[in-house]
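First listed ligand is number 1; within each ligand, the first listed atom is number 1. Residues: numbered from 1 along the sequence shown.
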Amino acid sequence: MTSEEICLPGMSSCAGQYVATVSRVRHLARDTWAVRVECPQLAETIVPGQFFMIRPLTGSDPLLGRPFAFYDVCCNDAGRPVAVEFGFVRVGKMTTLMSHWREGEQVSLWGPLGNGFPVPACEHLICVAGGIGQTPFLGVAKEVLGLAEYGNPPRQPATRPSKVTLCYGVRSQPWLAGLDDFKLPGLELQIATDDGSFGHHGYVTSLLRNQLQQNRQGVHVYCCGPEPMMKATAEICAAEDVPCWLSLETPMACGFGACFSCVTRVRVAADEWDYRRTCVEGPVFRADQLVLSDH
Ligand code: FES
């Protein structure tokens with residue numbers, strides 16, 4: 001593995017650029033896979049909600065890398081982090097190419113990038129995921145439940161929430177990805193499908209509403225998924241006065257703050273907003289800081 005560092009103003013930490021090897025490909029659900037890449041330097045430092053960019057090592061099409069949040073960090077028999085696993089849905093040229101990757105594939109990747117989710121400091125953490133937006137919440141849940149540590153030095157919650165819930169919604173049962181992975185001691189898993197083929201029939205935001213109706217004291221909400229779903233989640237939390245953080249899935253070209261292709265609108269005063277780069281100032285933002293569109 002080769003590496004060099006990328007350090008630019010605004011980055012929370014320097015990222016490494018690596019050549020790494022795919023060691024496992026798992027089919028998770030319809031058009032959905034998890035890929036494991038051997039990269040100890042990245043596995044040792046990345047924290048939940050951070051991401052990395054990845055592209056094929058050779059060829060120029062696609063030219064640009066794509067951003068992926070890590071799904072899990074994999075350790076060797078001695079407990080040392082040696083690989084990162086990430087999930088994706090086949091939706092375009094790059095992910096179609098990736099769906100054919102096999103063990104031994106050489107890839108270029110750079111990271112860790114972005115800020116990640118804050119270490120939870122609440123009584124009840126509710127994670128709200130839509131589609132492949134469940135990816136960052138395996139690490140969030142494992143960390144907060146004391147089942148795994150991430151970062152170097154490892155992050156430590158000052159206090160652990162007494163309750164952790166994942167509300168996970170997809171369009172239909174065949175797209176439910178990694179349910180076995182989320183069978184974690186202490187994690188309450190609630191499922192919604194748009195067509196009612198599994199779990200609650202309706203949107204995942206209904207599950208959030210139900211949770212907040214039962215109790216909203218001491219609740220924090222983390223959310224990742226399609227923007228309309230995140231906007232609805234932010235509005236529910238604002239109405240209930242519940243702190244909420246969103247992880248944006250903005251298209252990115254460089255991933256480290258140089259190209260400004262990933263900007264989003266952030267409130268800087270009561271009726272003023274400015275652009276912020278999702279790749280360095282995000283991808284995780286307080287929901288009440290963002291100016292979200294309906295689309
Ligand atoms: Fe280039 Fe964010 S992706 S600045």
>> For a quick test of reading the model, state the closest non-hydrogen atom pair linking M252 to P67 and the distance between them.
In response: SD-CB, 3.9 Å

>> Per the side chain to side chain donor-acceptor pair (under 3.5 Å) rule, what does the pair list look like for residues 257-268, sequence neighbours excluded?
In response: none

> side chain to side chain donor-acceptor pair (under 3.5 Å) with R30: which residues, sequence neighbours excluded?
Replying inline: none

>> Is there a salt bridge (Lys or Arg N to Asp or Glu O under 4.0 Å) between E235 and K231? Walk through the geometry before answering.
In response: CA-CA 6 Å; E235 288 171 352; K231 185 168 189 285; 2.8 Å; yes

>> Less than 6.0 angstrom separating the ring centers of F137 and F117, yes or no?
In response: yes

> Which residues and atoms, protein N, O or S only, are under 2.8 Å from atom 1 (Fe) of ligand 1?
Replying inline: C254 SG, C259 SG

> Can you name the side chain to side chain donor-acceptor pair (under 3.5 Å) partners of Y168, sequence neighbours left out?
Replying inline: none

